[in-house]
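Below is one structure; the comments refer to it alone.
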Amino acid sequence: MSALSLARPRPSSSSLCQLLSLTSTSSAHSSQPSSSRCPASAIPATTQCRNQFQPPPPLLRASSPFITSPNPSEATTRSYHAATPTAGIGSDIHDPHSLTIGISQSQGLPLFRASSDQLELLQSPSQFYNTLKERILSARKRIFISSLYIGKEEKPLIQALRKSLSRRPELRLVILTDALRSTREARPKPSTASLLANLERDFPDQVHLRLYHTPKLKGLVKRLVGRRFNEGWGLQHMKIYGFDDDVIMSGANLSNDYFTNRMDRYMLIRSHAKLADYLDSLVLLVSRFSYRLVHKEASMDRPKEVEEKVVGRKDDSAASEEERGDQDFDHLDYELVWDGGERILKVGDSSRSGVDGDGWPRTTTTPLANQLFVSEGWESDSRRALEELTRFWKSECQGSAKERSKQGVEEDTLIVPLLQMGPLQIRQETEAVPKILRMASSVPVRQGDEEVGSKPKPTLDLTSGYLSLYPPYRRILTSPTRREGEAEECLEPLIRILCASPRANGFFGSKGVSGWIPQGYTLLEKRFWQDLRSNRRLAPPPSSPSPNPSGPSEKGRSGVEIREWFKEGWTYHAKGIWLSPPPKSDSDRARPTVTHIGSSNYGSRSSDLDLECTLLISTESASLSERLGDEVERLRKDATQLVDQQLFQSRERKVSWKVYLAVWLVGHML
């Protein structure tokens with residue numbers, strides 16, 4: 001997340017066209033006569049309540065029907081209004097796999113099968129850090145890391161990488177970070193890039209360091225915008241930490257606060273070679289259209305296009321590699337070099353079967369598998385390469401599923417990776433998230449049901465450290481759950497939104513323009529709350545003041561509530577969605593059967609500017625559902641502040657006119 005910028009880029013013609021398309025489509029749907037919808041008599045009792053139905057496509061499981069858009073490719077230009085009849089939706093909240101299978105089928109995405117025992121939810125920053133170090137030191141074949149940045153003072157983490165590389169010459173390390181964030185500090189100050197340069201110098205045959213630079217910032221604008229503000233144009237934001245066949249998916253970066261007192265989510269997936277191969281392939285492919293980081297001396301032998309130089313301090317020690325794994329080291333001078341992915345293509349990888357280089361099949365004849373990306377205008381080629389990689393892995397997953405079915409392997413959990421790369425027109429997440437949000441309203445009120453208002457409701461929990469919801473998501477949450485003329489009534493879910501208190505925002509107390517950011521999010525939160533109130537979507541206050549009420553105190557509650565997280569001395573950075581079917585009894589708590597985890601903050605920035613990777617996970621495992629419920633309660637334990645009118649009237653929530661202006665100018669960058 002970057003500071004606010006007063007420089008506002010001119011909207012592109014494609015963005016304006018998309019806006020016009022959203023407006024006209026929304027108007028068209030809102031004026032659609034009710035007779036065009038399916039009659040109630042034609043809708044099965046288990047189907048979704050508010051949407052026109054199309055014949056479902058053939059799925060992996062006949063028992064999990066899924067309603068798809070007639071043309072999924074049009075989803076990015078449609079309005080995701082709650083009543084839009086053409087949006088694809090999972091049909092049965094009681095069958096969580098109907099959502100993941102349906103999204104995989106309708107969007108052509110890979111679907112990985114797993115046992116719930118392979119998934120572990122890490123509970124704290126310190127456990128995250130300790131797990132990282134343990135996995136680094138035990139890795140034998142590969143380590144692949146994608147993060148916004150690595151803290152410029154994280155020498156212990158780099159030391160662990162050096163030790164592992166020294167002990168195992170066959171170990172391959174790939175690190176992908178963001179070029180703007182990793183070179184934020186002006187020379188001669190230390191930076192992420194200068195910290196990493198020693199790895200490339202000391203282990204040139206094992207280490208691949210790549211820095212992605214957004215194509216949206218270049219030329220005169222880049223020269224005029226300051227270092228700290230340039231991050232507003234887009235970042236490499238994926239948080240993927242892989243070690244052999246283990247992967248940690250998170251929203252956390254790699255710096256001291258994320259290891260000590262900055263709360264986030266962390267999921268360790270153990271011994272899943274296929275998923276690790278896919279994520280490794282993704283990191284390597286993005287690395288191909290990213291700059292290569294080399295220390296200054298090495299770059300003299302490779303006269304490529306040099307983007308930038310930063311002066312650091314040199315270490316000319318002639319120690320052996322084994323000794324260098326244990327010795328102290330310093331920041332080095334470096335250069336960013338564009339090689340089009342040439343060196344990544346030469347990566348030999350014996351840790352995977354059937355794939356080579358950056359994840360393409362060894363028998364492939366596609367030119368994309370061996371293509372070098374030019375330094376200008378590489379966006380369309382990268383988009384096609386990502387789409388082709390997605391198709392390849394979808395096919396790989398289907399073959400793997402058939403083979404495991406023959407072997408009698410039983411898995412209770414499904415995983416669908418979702419990519420969101422707005423600059424490259426890859427929009428898997430923004431097509432999928434509306435389906436998750438709408439599935440919460442998929443439980444029909446059956447004939448003969450009495451006291452509907454007091455029945456246990458589905459629960460959807462959503463959290464983001466930066467609550468600036470992408471407009472289509474916001475429209476779904478603020479719109480009435482049922483509109484006049486709709487075919488069937490559904491149970492209105494309880495939607496619980498958790499965000500950071502201004503004092504838990506990582507920019508709280510910052511100097512200069514950065515200090516405005518908590519106020520900016522306060523303003524956006526207030527506007528969202530006012531929309532909920534205007535549309536009568538606010539949930540009634542719980543009978544218990546606890547942020548984790550259960551049983552009779554939650555009985556019958558529906559609508560949307562917002563709570564703020566605050567813990568003295570901590571900041572909040574968690575993001576995710578949990579979806580729970582109605583509890584079986586009044587005394588039971590919500591147990592999520594679907595979760596969404598990864599790097600996305602669910603804002604316009606994540607949707608349009610940054611590179612994001614998340615996992616959509618569904619499970620039939622009671623054990624994993626219980627652990628997901630525990631995770632929600634751990635986060636909500638410190639969310640005692642219920643957002644209401646009185647909160648926004650308090651003195652500390654006063655928003656400066658400067659912040660109003662800044663949000664008007666650059667709200668899409670938040």
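All figures in this text were calculated on a predicted structure; none of them were measured in a lab.
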Member of Leu173, Val174, Leu171 meeting the side-chain contact (heavy atoms from CB on, under 4.5 Å) criterion with Gln206:
Leu171
Looking at Leu132, Leu254, Leu157, Ile248, which one forms a side-chain contact (heavy atoms from CB on, under 4.5 Å) with Ile145?
Leu254
Considering all heavy atoms, the nearest Phe243-Ala139 contact:
CB-CB, 4.4 Å
Has Asn253 got a side-chain atom pairing as donor or acceptor with Ser255's backbone, closer than 3.5 angstrom?
no
Between Arg172 and Asp280, does any side-chain N to carboxylate O distance fall below 4.0 Å?
yes
With a 4.5 Å heavy-atom cut-off, do Ile175 and His208 have their side chains touching?
no
Looking at side-chain heavy atoms only, is the closest gap between Asn505 and Thr571 below 4.5 Å?
no
Would you please test Tyr334 and Thr183 for side chain to side chain contact (heavy atoms under 4.5 Å, CB included) and show each step?
CA-CA 10 Å; Tyr334 68 87; Thr183 61; 3.0 Å; yes
Tell me, with the steps shown, if Tyr473 and Thr430 meet side chain to side chain donor-acceptor pair (under 3.5 Å).
CA-CA 9 Å; Tyr473 306 164; Thr430 48; 5.1 Å; no
Considering only NZ, NE, NH1 and NH2 on the basic side and carboxylate oxygens on the acidic side, decide whether Asp339 and Arg210 come within less than 4.0 Å.
yes
Do side-chain atoms of Gln428 reach the backbone of Leu418 as a donor and acceptor pair under 3.5 angstrom?
no
Under a 3.5 Å cutoff, is there a donor and acceptor pairing between the side chains of Thr614 and Gln420?
no
Would the distance check show the side chain of His237 and the main-chain N or O of Leu148 forming a donor-acceptor pair, the cut-off being under 3.5 Å?
no
Side-chain heavy atoms of Leu616 within contact of Ile103, under 4.5 Å:
yes
With salt bridge (Lys or Arg N to Asp or Glu O under 4.0 Å) as the test, pick out the partner of Asp246 among Arg135, Lys141, Arg140, Arg270.
Arg135
Pair Thr177, Tyr212: side-chain N/O donor-acceptor within cut-off below 3.5 Å:
no
Pair Glu153, Asn256 - check side chain to side chain donor-acceptor pair (under 3.5 Å), show working.
CA-CA 8 Å; Glu153 298 177 352; Asn256 184 64; over 6 Å; no
Taking the six-membered ring of Phe373 as reference, does the NZ or CZ atom of Arg288 fall below 6.0 Å from its centre and within a 45° cone about the axis?
no
Could you walk me through whether Phe289 and Leu424 pass the side chain to side chain contact (heavy atoms under 4.5 Å, CB included) check?
CA-CA 11 Å; Phe289 48 86; Leu424 311 181; 3.9 Å; yes
Can Asp244 and Arg142 be counted as an ion pair, charged N to O under 4.0 angstrom?
no
Donor-acceptor pair, Thr595 side chain versus Ile577 backbone, under 3.5 Å?
yes
Does a side chain donor of either His272 or Gln118 reach within less than 3.5 Å of an acceptor in the other side chain?
no
Verify, without hydrogens or angle tests, whether Ser164 (side chain) and Leu161 (backbone) share a donor-acceptor contact under 3.5 angstrom.
no
Any Lys/Arg nitrogen of Lys152 or Glu185 sitting under 4.0 Å from an Asp/Glu carboxylate oxygen of the other?
yes
If you take all heavy atoms of Asp333 and Ala197, which pair is closest and at what distance?
O-CB, 4.2 Å
Can a donor-acceptor pair be found, under 3.5 Å and without considering hydrogens, that links the side chain of Tyr266 to the backbone of Asp264?
yes
One thing to verify: whether Arg383 and Glu387 come together as a salt bridge, which I'm taking to mean a side-chain N less than 4.0 angstrom from a carboxylate O.
yes
Please check: side-chain N/O of Ser604 versus main-chain N/O of Tyr470, any donor-acceptor pairing under 3.5 Å?
no
In terms of the angle between their ring planes, are Phe507 and Tyr466 parallel, tilted or perpendicular, with boundaries placed at 30° and 60°?
tilted
Take Gln236 and Met238, measure what side chain to side chain contact (heavy atoms under 4.5 Å, CB included) needs, and give me the verdict at the end.
CA-CA 6 Å; Gln236 191 302 110; Met238 300 186 294; 3.1 Å; yes
So Ser126 and Phe259, do their side chains get closer than 4.5 Å, heavy atoms only?
no
Before you tell me yes or no, could you show the steps for Asn198 and Arg162 under side chain to side chain donor-acceptor pair (under 3.5 Å), namely the whole-Å CA-CA distance, both residues' side-chain angles and the distance that decides it to 0.1 Å?
CA-CA 9 Å; Asn198 73 83; Arg162 293 173 64 88; 2.6 Å; yes
So that I can tick it off, tell me whether Asp610 and Arg605 are bridged by a salt bridge, with the cut-off set at under 4.0 angstrom between side-chain N and carboxylate O.
yes
What one should report as the nearest heavy-atom pair of Pro110 and Tyr278 is CG-CE1, 4.2 Å
Does Ser287 reach the main-chain N or O of Val283 with its side chain, forming a donor-acceptor pair under 3.5 Å?
yes
Closest heavy-atom contact between Leu336 and Ala179?
CD1-CB, 4.4 Å
Sub-3.5 Å donor-acceptor pair from the side chain of Ser191 to the main-chain atoms of Ser194, do we have one?
yes
For Ala574 against Arg265, the heavy-atom pair lying closest together
CB-CG, 4.1 Å
If you look at every heavy atom in Val207 and Leu199, which pair is closest and at what distance?
CG2-O, 3.8 Å
Salt bridge (Lys or Arg N to Asp or Glu O under 4.0 Å) evaluation trace for Asp608 with Lys216
CA-CA 11 Å; Asp608 299 329; Lys216 289 183 172 289; over 6 Å; no
Return yes if some donor-acceptor pair links the side-chain N/O of Ser290 with the main-chain N/O of Val286 below 3.5 Å, else return no.
yes
Taking C-beta and beyond as the side chain, do Lys222 and His213 meet within less than 4.5 Å on heavy atoms?
yes
Is the closest side-chain donor-acceptor distance between Ser600 and Glu612 under 3.5 Å?
no
Flag the pair Glu200 and Arg292 as a salt bridge only when some basic side-chain nitrogen lies within less than 4.0 angstrom of an acidic carboxylate oxygen.
yes
Nearest-0.5 Å distance that lies between atom OG in Ser250 and atom CE in Met267
10.5 Å
Can you find a pair of side-chain heavy atoms, one from Met249 and one from Leu268, that are under 4.5 Å apart?
no
Could you tell me whether the side chains of Thr463 and Tyr572 share a donor-acceptor contact shorter than 3.5 Å?
yes
Please walk me through it: do Phe392 and Glu388 pass side chain to side chain contact (heavy atoms under 4.5 Å, CB included)?
CA-CA 6 Å; Phe392 166 66; Glu388 187 161 334; 5.7 Å; no
Relative to the ring of Tyr291, is the ring of Trp338 parallel (under 30°), tilted (30 to 60°) or perpendicular (over 60°)?
perpendicular
